[in-house]
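Presented below is the structure to which this report refers.
Remember, it's 1-based here, ligands and their atoms both numbered in the order they're listed. Residue numbers count from 1 along this sequence. Only a predicted model underlies this, so the values are computations on that prediction, with no experimental measurement involved.
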Amino acid sequence: MSVPPTPLSSFRCIGKYCTDDSAAVPRSLQLNDVLSLGQHRTWKRICVSWSMAKRGDRVLDLCCGSGDLAFLLSQKVGLDGEVMGVDFSGQQLQTAASRQDQRWKACYKNIKWIEGDALDLPFTDRYFDAVTVGYGLRNVVDRPKAMREILRVLKPGSRASVLDFNKSSSFFTASLQSWAIDNVVVPLASSYGLTEEYKYLKSSISQYLTGEELEKLAKEAGFSSAKHYELGGGLMGNLVATR
Ligand SMILES: C/C(=C\Cc1cc(O)c2ccccc2c1O)CCC[C@H](C)CCC[C@H](C)CCCC(C)C
Ligand SMILES: C[S@@+](CC[C@H](N)C(=O)[O-])C[C@H]1O[C@@H](n2cnc3c(N)ncnc32)[C@H](O)[C@@H]1O
């Protein structure tokens with residue numbers, strides 16, 4: 001079953017989002033800039049680059065949230081290509097649509113925002129040339145099912161690129177990450193009014209999968225190859241899986 005994507009109507013951002021002359025900037029994005037010293041933008045660029053998305057491709061950004069990766073994919077595939085940003089939160093998609101309007105670039109016309117569940121993707125088999133997931137898989141309740149869905153909608157030979165916090169096997173890195181979340185991330189998030197959003201990070205990372213486990217997950221879902229790479233000194237990780 002294929003769903004004809006309907007773009008969400010735009011809205012003026014208020015509440016958790018602030019505006020400047022050209023853009024609606026979610027507070028979480030501003031906070032991520034501060035916390036990561038801007039590095040999260042680099043990690044997202046790497047994730048998109050490793051998806052091997054290219055001009056003219058039809059690509060999926062799953063768990064797109066406010067659309068950071070979708071905007072990067074849009075520039076990669078150009079006006080001949082197509083980007084679908086999928087999330088199950090209508091509120092996140094409205095923010096993404098608002099950013100699309102306010103940070104207007106010609107190529108952004110190629111992005112559609114679609115409300116949908118990673119566990120039951122509204123696309124036919126072998127529909128996409130590439131899939132990205134940024135900070136989404138960790139939060140999905142049934143990861144094996146999500147990986148099988150990603151595999152199903154990818155064309156043979158195409159790639160999924162999955163960026164998230166790294167559940168490090170190194171005691172030093174895991175301790176630094178845990179310390180930083182308690183002493184830097186959560187206190188700073190509180191000052192942005194985002195305590196709840198970030199408080200769960202530590203437990204969600206500990207319930208996530210190590211790089212090795214992610215590779216196993218992808219292979220068990222049916223991917224022909226899967227490799228996990230550490231980024232940001234081991235604090236982040238990116239899984240690249242080829243159908
Ligand atoms: C872009 C980043 C995270 C995405 C992200 C993940 C989530 O789970 C969220 C949940 C709710 C709302 C928003 C998000 C969200 O945007 C990563 C950038 C920020 C990181 C928190 C950076 C933290 C890195 C280290 C743990 C801290 C290192 C500091 C140390 C002193 C070197
Ligand atoms: C932390 S945000 C990441 C947003 C964006 N990818 C980024 O990197 O900034 C995670 C997103 O995953 C979405 N999400 C979680 N589980 C999902 C599911 N089963 N299906 C679709 N979206 C989901 C949430 O609504 C949220 O917007």
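In this model, no donor atom of one side chain and acceptor atom of the other lie less than 3.5 Å apart for Ser204 and Asn139. With hydrogens and angles left out, the side-chain atoms of His228 and Asn238 include no donor and acceptor closer than 3.5 Å.
No salt bridge links Arg58 with Asp129; every basic N to acidic carboxylate O contact stays at or beyond 4.0 Å.
Below 4.0 Å from some heavy atom of Ala118 lie the following atoms of ligand 2, by number and element: 18 (C), 19 (N), 20 (N), 21 (C). Taking a cut-off of under 4.0 Å to the non-hydrogen atoms of Gly116, the atoms of ligand 2 that pass are 20 (N), 21 (C). Each of the following atoms of ligand 2 lies closer than 4.0 Å to a heavy atom of Gln92: 27 (O). Each of the atoms 4 (C), 27 (O) of ligand 2 lies under 4.0 Å from some heavy atom of Gly65. Within ligand 2, the atoms closer than 4.0 Å to a non-hydrogen atom of Ser89 are 25 (O), numbered from 1 in the order shown.
In this structure the side chain of Leu69 never reaches within 4.5 angstrom of the side chain of Tyr135, judged on heavy atoms. Residues Arg45 and Leu72 form a side-chain contact, since some pair of their non-hydrogen atoms from C-beta on lies under 4.5 Å apart.
For atom 22 (N) of ligand 2, the choice among Trp43, Phe88, Tyr198 with the nearest heavy atom turns out to be Phe88. The heavy atom nearest to atom 5 (C) of ligand 2, out of those in Cys64, Ala96, Ser204, Ser66, is found in Cys64. Across Gly134, Gly67, Ala146, heavy-atom proximity to atom 6 (N) of ligand 2 is greatest for Gly134.
Within a 6.0 Å sphere centred on CD of Glu212, other residues, nucleotides and ligands contribute 12 heavy atoms or fewer.
Remark: ligand 2 and Leu119 share no N or O pair separated by less than 3.5 Å (distance only, no angle test). Ligand 2 has an N or O atom lying under 3.5 Å from an N or O atom of Asp87, backbone or side chain.
Ligand 2 lies within reach of Asp117, whose nearest heavy atom is under 4.0 Å from it. Contact annotation: His40 has no heavy atom less than 4.0 Å from any atom of ligand 2.
Residue Thr210 comes nearest to Ser169 through the heavy atom pair CG2-OG, 4.2 Å, listed as atom of the first residue, atom of the second, then distance.
Partners of Ala226 by side-chain contact (heavy atoms from CB on, under 4.5 Å), not counting sequence neighbours, listed by chain and number: Glu215, Ala218, Lys219, Leu239, Ala241.
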